[in-house]
Each structure stands twice: as C-alpha cells, then as structure tokens.
Amino acid sequence: MQRKGVNPAKTIRLEAPLLCMACIGGDTVKEGQDNHFGTTLEAVYELAEGKPQAYAAAMDDRVRLLTDDTTQDVTIRCLTGEEKTYLLYFSDVTPGPDQWGLAEYYGKNSVVVE
C-alpha cells in the first residue's frame with residue numbers, strides 16, 4: 001500500500017541510506033571530526049545529498065570542453081564548494097595559466113582556468 005502524498009522513489013532514496021547507517025552503526029564515526037561520519041556513512045550521506053552527481057557533472061562538462069575539436073583555446077572553471085565532495089575531491093586545477101599540462105595533453109593551443 002502506497003502512503004498518500006509520498007513519492008515512492010524519494011522514499012527508497014532516503015530509506016536505503018538510513019538502513020545502511022542503522023546496519024553499520026555509530027562505531028565508525030571518526031575521532032575528532034564531529035561533522036563527518038565514517039567513510040561508508042559519509043559516502044551514503046553524500047550520495048543522498050547529490051554531491052557526487054554534481055562533481056561528475058562538473059567534470060563531464062570540463063572534459064567535454066577539453067575534447068571539443070572545434071575549440072583550440074579553452075577556458076575551464078574551478079570546482080565550486082557544492083561540487084567538491086569529501087570523499088572524491090582531492091585537489092583541482094588552480095586559476096590562471098595552464099600549470100597542469102592540459103593544453104599539451106588535449107592538443108589545445110591554450111587552457112585557462114578561471
């Protein structure tokens with residue numbers, strides 16, 4: 001029986017992470033980091049919040065620009081705070097001229113990071 005006014009897709013989306021959290025328990029909470037769960041719990045939390053999806057979309061956009069054969073001078077942007085996930089994000093390109101060798105790697109005249 002479906003609950004009135006409840007979207008089943010959202011219910012599953014929220015119930016699955018809660019079930020994982022209940023099964024894993026609180027023993028995985030990192031010491032000294034009150035606002036972050038253990039690795040598994042953090043992954044579940046970030047998936048429910050949509051952060052990995054935002055990170056993937058931003059990186060897909062960047063790769064699309066860099067692999068576009070019709071553009072030889074490319075401008076890409078740094079990731080925003082919403083796109084940097086706790087588990088996936090390590091570092092990013094820095095604003096300014098290409099210090100990462102992206103132009104040479106992708107066969108471009110130039111790559112500028114904003």
>> I'd like to check the side-chain contact (heavy atoms from CB on, under 4.5 Å) partners of Asp69; sequence neighbours left out, ordered by chain and number.
In response: none
> Atom OG1 in Thr71, atom CG in Leu66: separation rounded to 0.5 Å?
Replying inline: 10.0 Å
>> Please determine whether side-chain contact (heavy atoms from CB on, under 4.5 Å) holds for the pair Leu102 and Val93, giving the CA-CA distance in whole Å, both sets of side-chain angles, and the decisive distance to 0.1 Å.
In response: CA-CA 10 Å; Leu102 294 171; Val93 292; 4.0 Å; yes
>> Applying salt bridge (Lys or Arg N to Asp or Glu O under 4.0 Å) as the test, list every pair that has at least one member in residues 101-114; sequence neighbours left out.
In response: none
>> Do Thr94 and Cys78 have side chains that approach each other closer than 4.5 Å (heavy atoms only, starting at C-beta)?
In response: no
> Tell me, do Val113 and Thr75 make a side-chain contact under 4.5 Å, heavy atoms counted?
Replying inline: no
> Under the salt bridge (Lys or Arg N to Asp or Glu O under 4.0 Å) rule, what pairs show up with a residue in residues 51-60, not counting sequence neighbours?
Replying inline: none
>> Quick test of your reading: applying salt bridge (Lys or Arg N to Asp or Glu O under 4.0 Å), list the pairs with at least one residue in residues 78-97, sequence neighbours left out, ordered by first then second residue.
In response: Arg62-Asp92, Arg77-Glu83
>> Once rounded to the nearest 0.5 Å, what's the spacing between atom CD of Glu46 and atom CD of Gln53?
In response: 10.0 Å
> Do you know which two heavy atoms are closest between Ala58 and Leu79, and how far apart they sit?
Replying inline: CB-CD2, 3.6 Å
>> What I'd like to find out is whether the side chain of Tyr106 reaches to under 4.5 Å of the side chain of Val111, using heavy atoms alone.
In response: no
>> Run the side chain to side chain donor-acceptor pair (under 3.5 Å) test against Ser110 and tell me which residues pass, sequence neighbours left out.
In response: Asp73
> Does Asp68 have any salt bridge (charged side-chain N to carboxylate O under 4.0 Å, His left out) partners at least two apart in sequence or in another chain, and if so, which?
Replying inline: none
